[in-house]
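This report refers to the structure that appears directly beneath it.
Throughout, a chain's letter reflects where its sequence line sits, starting with A, and its residues are numbered from 1. All values reported here derive from a predicted model rather than from experimental measurement.
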2 protein chains.
Amino acid sequence: MDLRSANTPAADGTCGCAPLRQLATDGPPPGSGATAPCVACPASRHCLPAGLGDRDARCLGRLTIARRRVRKGHAIFRENEHFLFLYAVRFGIFKSTLTLDAGAEQITGFHLPGDVIGFDATPSGRHPTTARALEDAEVCVLPYGQLTDACAGQRDLLMRVLRLAGAELERDHRLLALIVHTHSEQRVAAFLVGLSDRLRERGFSPSDFLLRMTRAEIGSYLGTTLETVSRSLSAFARRGFITVHRREIHLVNIEALRAEFEAKDV
Amino acid sequence: MDLRSANTPAADGTCGCAPLRQLATDGPPPGSGATAPCVACPASRHCLPAGLGDRDARCLGRLTIARRRVRKGHAIFRENEHFLFLYAVRFGIFKSTLTLDAGAEQITGFHLPGDVIGFDATPSGRHPTTARALEDAEVCVLPYGQLTDACAGQRDLLMRVLRLAGAELERDHRLLALIVHTHSEQRVAAFLVGLSDRLRERGFSPSDFLLRMTRAEIGSYLGTTLETVSRSLSAFARRGFITVHRREIHLVNIEALRAEFEAKDV
DNA sequence: CGCGGCGTTGAACCCACTCAAGAGCTGTGG
DNA sequence: CCACAGCTCTTGAGTGGGTTCAACGCCGCG
């Protein structure tokens, strides 16, 4: 998923975003807010402000929302860190990971531009997962306290926030069902089709993209091993459904892939 | 998990709840509200009102919250139904299920008293899952629109609602990690210990309970088969960790069970 | 150039699934 | 009251998909 290729509004280095007026260091974001950070954001159509009326949008604009650059491999927050902010992805891809007692890492989700990360920290006040950039990326830093205050006045905004949390729940449930009820090759097919769908929704090419994650990361997410992911991709290529060259993916026959995991029994 | 046994406040047929003033038929709930339905509810300590200040609690009390009896095996809502209400469990156990394309049923969660069900319906306005009672049960019917209105005034209440949604997210992530990274026997151990913990939190006996779900349902939840669940339980019994007689479970050595799934490698 | 990370492919093993049979409990209807 | 049907649970045996272990090629980078 090379988010800077394909039919994006702008394919230059800034990813179509407005020039950064204020920039975050790697520490906590500065207090001064960027005014209306959403207007020029290519991800806004799938983010918090999507579909909000003027009043709610203005309300959102009053929050002190900072932007923060995140370099590839760096974390925006780590497990057990104090929860203060939600983060909206402007560009780049993130992974959420959970460290098990055994020390192994489980990927619980991949986050594309427009996704809001961090809802699972609301119960405990600490982040139960680590969010790490798979490529150079940028996020909006949403102060949770201010956001709930803002919601208090604006019902639509509140419902929008709840919807974002609910959407993640829904995705988790489907992922769970997928992992439990399908063979590993079907999961890889579902992963490719799901990714393609999400990219199309965001205005990227649904058939040509660059994976930003390793085979091991895909395997972790899908509950299988890197070898099995690799074998599955090779099998699809052999059958003519896709072409693969390292991270470059081209979906030749999406419908065949879709049929692959919708098949009743295999 | 016989929720009426053990150290519950009241062990009579009403489960310690206040007598039902108004009772639901199987259809949608009546509009007239029960005043302060929480005060006498044994689940309130782990439900929405937990930890709320007076003002927020009074605010919650102004909602028209109906109670609804649900007979064993009946659904409070079904997949694809219109989303109007969240449901708080007063007593009884529920399962949430997802029907896959293949027609198979995947259990995504078990809900104990105090849990609030239905957050995953917020994105689409329709319920993506079915919620079904595993025993005769009762829920509070929370009108979603009224609830968001109420939240708009009361920040603590809003945060409480978000916390409930976040908690479900967190549980899902842990379940996912569990299913992917452990052997089936470890999952069954984790299931027993997790259930025990949740029961203790709610004031029930953590070591003696009656499972309200079948082996097949446990298997669906844990991503394994009913035979494997049965074999695991037998194995634990053989090793002296538990005793089992059909649905009656007695945990003899909880620490041994806990060690079972915390083991680094097996 | 050489090293390290990533990806591919092969071979062997094993855990859990599938299939099957039987026992125990529950509810129902004659 | 008993017979029977249906469901749940247990246990056994065989099989296979996917994991593990291993070797090698490719690519980027210092």
task: Side chain of A:T224 only, please: which of C:dG7, C:dT18, D:dG18 is the nearest?
output: D:dG18

query: Are the side chain of A:E79 and the backbone of A:T99 linked by a donor-acceptor contact shorter than 3.5 Å?
result: yes

query: Counting only side-chain N and O atoms of A:R246, is one of them less than 4.0 Å from OP1 or OP2 of C:dC6?
result: no

- prompt: Between atom CG in B:L222 and atom P in C:dA16, what is the gap in whole Å?
  reply: 12 Å

message: Between B:H111 and B:S96, do the side chains contain a donor N or O and an acceptor N or O under 3.5 Å apart?
response: yes

field: Separation of C:dC17 C1' from B:R215 CZ (nearest whole Å)
entry: 18 Å

task: Would you kindly give the CG-to-C1' distance between B:L211 and C:dC25, to the nearest whole Å?
output: 16 Å

statement: From CG of A:L233 across to C1' of C:dG7 the rounded distance in Å is 10 Å

query: Atom CE of B:M213 and atom P of D:dT8: how far apart are they, to the nearest Å?
result: 14 Å

task: Describe, in one word, how the ring planes of A:H127 and A:F77 are oriented to each other, choosing from parallel (under 30°), tilted (30 to 60°) and perpendicular (over 60°).
output: parallel

What does the list of N/O pairs under 3.5 Å between the protein and nucleotides 11-16 of chain D look like, with a distance for each?
from, atom 1, to, atom 2, distance (Å)
D:dT11, OP2, B:S234, OG, 2.6
D:dG12, N7, B:R231, NH1, 2.9
D:dG12, O6, B:R231, NH2, 3.2

- request: Using a strict 4.0 Å threshold on nitrogen-to-oxygen distance, state whether B:E217 and B:K95 make a salt bridge.
  value: yes

message: How many whole angstroms separate atom NE2 of B:H183 from atom P of D:dG18?
response: 15 Å

- request: Take atom CD of A:E248 and atom P of C:dC6, then tell me their distance rounded to the nearest Å.
  value: 17 Å

statement: Picking from D:dC9, C:dT18, C:dA16, the nucleotide nearest the side-chain atoms of B:S184 would be C:dA16

message: Can a donor-acceptor pair be found, under 3.5 Å and without considering hydrogens, that links the side chain of B:S196 to the backbone of B:P206?
response: yes

task: From the options C:dT8, C:dC6, D:dC9, select the nucleotide whose nearest atom is closest to the side chain of B:R247.
output: D:dC9

task: Could you check A:T182 against A:H245 and say which one's nearest nucleotide on DNA chain D is further toward the 5' end?
output: A:T182

message: Could you tell me if B:H181 and A:Q106 have a donor-acceptor pair between their side chains, going purely by distance under 3.5 Å?
response: yes

query: Just how far, in rounded Å, is P of D:dC9 from CD1 of B:I249?
result: 10 Å

query: Base, sugar-phosphate alone, or nothing: which one does B:G219 contact when heavy atoms must sit under 4.0 Å apart?
result: nothing

field: Nearest heavy atoms of B:A131 and B:I117, plus distance in Å
entry: CB-CG2, 4.3 Å

